[in-house]
Each structure stands twice: as C-alpha cells, then as structure tokens.
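Here the structure comes first, spelled out in structure tokens, and everything after it is commentary.
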Amino acid sequence: MTFSKGGEPTDSLRAETRLVVSGRDTEAQKGFINPPVVRGSTVLYPTANDLHVHRGEFHYGRHGTPTTRALQDALAALEGPQCAGVGLVPSGVSAISTALLSILKTGDHILVCDNVYRPTRNFCDGILARFGVETDYFDPLIGSDIAALFRPNTRAVMVEAPGSQSLEMPDVPAIAAVAHARGALVVDDNTWATPLFRRALEQGVDISIQAATKYIGGHSDIMFGTISPNAQAWPALTEAIRLLGVCAGPDDVFLALRGLRTLAVRLRYHQQAAIDVAQWLAKRPEVARILHPAFPDDPGHAIWKRDFTGASGLFSIVLKPAPPQAVDALLDSVKLFGMGYSWGGYESLIIPFDCAAYRTVTRWAPGGPTLRLHIGLENVDDLKADLERGFEAFNARQ
Ligand SMILES: *Cc1c(COP(=O)(O)O)cnc(C)c1O
C-alpha cells in the first residue's frame with residue numbers, strides 16, 4: 001500500500017515528504033493535485049463479463065472510491081511498511097469498536113489498560129459484555145507483569161499511549177511481547193502521537209487506530225477514524241468492516257486527506273508551543289505537577305524517548321489543592337482557551353477531568369484539581385497572558 005503516483009515506493013522518503021507525495025495520482029486526476037470528492041454508490045461495469053468477474057479497481061461505493069483510495073495510500077505510507085492497509089470509519093470510537101469486533105468472539109477475554117479513553121471502556125463493558133466477552137483492566141505501568149493476567153482465552157490487549165487524560169505511558173513493546181507469546185493481538189489507540197511521532201505497528205502493535213477527528217483532520221471540522229492493521233490482523237479486519245457496513249462520508253475523507261498534508265508542520269508547532277506553555281506553567285506557584293511525557297521528570301519519559309519521535313499539543317496539569325469555585329473561576333476567565341471536548345484542532349482548549357470517576361484497578365489520587373490543556377496554533381505569549389488572567393481569577397477565589 002505504500003505506493004504513490006506511478007507505483008513508486010515511498011519507503012525511502014522521510015515522513016514529511018511522504019505526507020506530501022503519497023496518495024496522489026495526478027494523471028488519473030487529470031493534472032489536478034488533489035483527488036475529486038467522489039460521491040457514489042453504484043459503479044457501472046462496461047460488459048457482462050466485467051460484471052461476472054468483478055473486474056476493475058472499484059466495485060461499490062461502500063467498499064472504496066478514488067477519494068478513499070488516496071487517503072488510504074497516504075496513511076499507509078505514513079504508518080510504514082508493516083501496514084497492510086487502512087480502514088476508514090466514521091469516528092474514532094467506530095475505529096476502536098470495529099477493531100475489537102474483528103478480533104473477539106463469545107467466550108473470549110480482553111485485557112484493557114486502565115487509562116484508555118472512557119468510551120473504549122463503555123464499549124467493552126457494554127456491547128462486548130453483552131456478547132459474552134469478558135474484560136479485565138490493568139495498571140498502565142504494569143509492563144511485562146501483564147503475563148499474570150492472561151487466561152487461556154485472552155485474545156486481545158487494548159492500550160493507549162499515553163492515556164489522553166492522565167498521560168500515563170504504558171510500555172507497549174513489553175506488553176506486546178507477552179501478548180504475542182500468549183497468542184493475543186494488541187490494539188493501540190495512537191491518537192495522541194499519530195503515526196508521524198510514533199509508528200505503533202513497528203512496536204509490536206497489531207492494529208493501530210486513530211481518532212482522525214483530532215490531529216489528522218486538524219481543524220475541528222470532521223468526525224473520522226482510521227484503522228491500520230498489520231498483515232496478520234488485516235483479513236479479519238477487512239471482513240469486519242465489510243460485514244458491519246462501516247464507511248466514511250466523501251467530504252470527511254477529503255478533509256482528512258487535506259488535513260494529513262499539513263500534519264507535520266502543525267504537529268511540530270503544537271509540540272513546541274505545548275512544551276513552552278508547560279514549562280511556563282511548571283514555574284507557576286499554583287501548579288503542583290505537569291503531566292507531559294517529554295518532561296525529563298515525568299514517569300513516562302524514558303518510554304517516550306525510546307518509542308516516540310515527538311510529542312503533540314495535549315498535556316495535563318495538577319493544581320495545588322484549591323476549592324472547586326477557584327478552578328471554575330479560572331475556566332470562566334480564560335478567553336483564548338475554549339472549554340470543550342475533543343482536541344487536535346488549531347485552537348487551544350482547557351477542560352477539567354477526574355480519572356477517579358471511572359478507573360477500576362488503579363487509584364487516581366493526584367492530590368489536587370486536574371486540568372487538561374490542548375495547545376493550539378496561537379502565539380504562545382498570548383496563551384500565557386490568557387492563563388495568567390485565569391490564575392488571577394483563581395487566586396481571587398481561594
Ligand atoms: C477523541 C478520542 C477518541 C474518539 O474519537 P471520536 O472521533 O470522537 O469518536 C478515541 N481515542 C482518543 C484517545 C480520543 O481522544
């Protein structure tokens with residue numbers, strides 16, 4: 001799948017270049033740089049024989065169009081040579097549920113990291129439980145000690161590195177080595193780093209998913225999910241996608257591809273700006289701790305250095321103990337930081353969170369109120385001034 005125009009392999013090119021040249025068939029696009037937004041269900045066959053043998057590249061809208069093919073090729077080129085293909089689905093949650101349904105059946109057991117995105121847990125505790133799949137949660141920092149939690153029927157392990165609220169960093173290669181020795185597949189939510197900053201499939205992951213709603217789209221204007229399996233996971237995954245009937249809308253496919261072209265410049269800015277703002281926050285008297293794996297004193301730092309080539313714009317902070325009304329005053333007084341769910345767009349966001357509300361096997365006791373920040377593409381001095389205003393309101397309510 002890592003081919004661009006004229007079937008030239010792009011593996012020798014660096015990631016930033018691959019983001020630009022992959023998934024572009026300029027000749028088929030009649031000279032235009034970008035593919036058309038193909039809206040379509042029916043694909044016509046010229047002869048009865050073509051119909052009988054399903055000749056041709058495209059057969060039915062749900063199974064792919066020139067627009068989806070362009071995005072799939074570009075994403076596969078970014079994931080690297082282990083990627084056997086890319087499934088495009090209508091949301092990040094749909095990517096997670098489709099990936100898990102492709103692996104699991106009644107009577108199976110799945111191990112899920114305690115720091116995963118909350119709707120991932122809800123899917124396991126809801127639909128998977130209803131179909132007779134048992135879920136056990138594990139400590140994100142368990143490493144190879146996960147071996148003790150395996151049962152003869154454990155078929156899958158679900159991880160997220162780092163967790164999108166607590167930023168705890170599981171050792172995915174160590175967990176994957178144990179999983180593979182026990183015949184289980186590893187599904188990884190790589191939304192935080194994207195394949196640009198972490199090639200999950202090269203670290204023992206069998207199916208890497210992304211909420212492309214976040215950094216791939218990059219502009220807070222689409223809901224989108226991608227599923228990238230290795231060769232072992234690919235056949236069951238394509239079957240699940242076909243049988244479940246999931247597919248993405250043409251406009252969203254186009255916007256995801258457009259977002260992907262600028263991923264490298266955006267992520268580099270998000271990374272730099274987030275580290276800058278986090279370093280400024282670390283010096284504030286109101287802040288007890290920064291949860292950001294690129295910080296040398298973060299517990300996940302060694303793993304981040306080993307497995308990642310960059311950090312995105314999302315991190316969390318622990319405030320010194322303060323009454324809830326002080327935190328609300330901070331949230332109400334910042335203007336550039338919007339309050340809202342999701343992240344990965346061009347705009348900065350701030351949200352309070354409490355992992356204790358849903359954790360089941362690890363204790364979340366950070367010792368103060370916690371806030372998650374997404375640093376957007378604004379000027380960092382403006383962002384710091386905005387947070388400064390927030391802290392003034394915070395201190396006035398202490
Ligand atoms: C947002 C998010 C999802 C879900 O994506 P949607 O497109 O909102 O369904 C999954 N995982 C992580 C880590 C996310 O942040």
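Values below: all heavy atoms of this structure, side chains included; hydrogens, waters and symmetry mates excluded. Just so you know, ligand 1 is whichever comes first in the structure, and atom 1 is the first atom listed for that ligand.
- Shown in contact with Ser164 at under 4.0 Å from a heavy atom are these atoms of ligand 1, numbered in order with element: 13 (C).
- A salt bridge links Asp136 with Arg151; the closest basic N to acidic carboxylate O contact falls under 4.0 Å.
- In summary, Arg284 and Glu286 engage in a salt bridge, as defined by a charged side-chain N under 4.0 Å from a carboxylate O.
- Residue Met158 holds its CE atom at 12.5 Å from CG of Leu111, rounded to the nearest 0.5 Å.
- A side-chain donor-acceptor contact under 3.5 Å links Asp386 to the backbone of Phe337.
- Each of the following atoms of ligand 1 lies closer than 4.0 Å to a heavy atom of Gly92: 4 (C), 5 (O), 6 (P), 7 (O), 9 (O).
- Which parts of ligand 1 touch Val93 is read off a 4.0 Å heavy-atom cut-off, strictly below it: atoms 4 (C), 5 (O), 6 (P), 9 (O).
- Regarding atom 4 (C) of ligand 1, its nearest protein heavy-atom neighbour is Tyr117 CE2, 3.3 Å.
- Among protein heavy atoms, the minimum distance from atom 11 (N) of ligand 1 is reached at Asp189 OD2, 2.6 Å.
- Where the criterion is an N or O separation shorter than 3.5 Å, residue side chain and backbone included, Ala211 fails it with respect to ligand 1.
- Between Glu16 and Arg261, no side-chain nitrogen of the basic residue sits less than 4.0 Å from a carboxylate oxygen of the acidic one, so the salt-bridge criterion is not met.
- Around atom 15 (O) of ligand 1, the closest heavy atom drawn from Lys214, Arg118, Met223 belongs to Lys214.
- At under 3.5 Å, not a single nitrogen or oxygen of Ser94, backbone or side chain, sits near a nitrogen or oxygen of ligand 1.
- Arg266 forms no cation-pi arrangement with Tyr215, by the criterion of a distance under 6.0 Å to the ring centre and an angle within 45° of the ring axis.
- Listed by number with element, the atoms of ligand 1 under 4.0 angstrom from any heavy atom of Ser91 are 7 (O), 9 (O).
- The shortest N/O to N/O separation between Thr213 and ligand 1 falls below 3.5 Å.
- For ligand 1, the atoms sitting less than 4.0 Å from at least one non-hydrogen atom of Trp343 are 15 (O), numbered in the order shown with element in parentheses.
- Under a 4.0 Å N-O distance rule, the pair Arg397/Asp328 does not qualify as a salt bridge.
- Dense packing is recorded around CD of Glu378, with more than 12 heavy atoms of other residues, nucleotides or ligands lying under 6.0 Å away.
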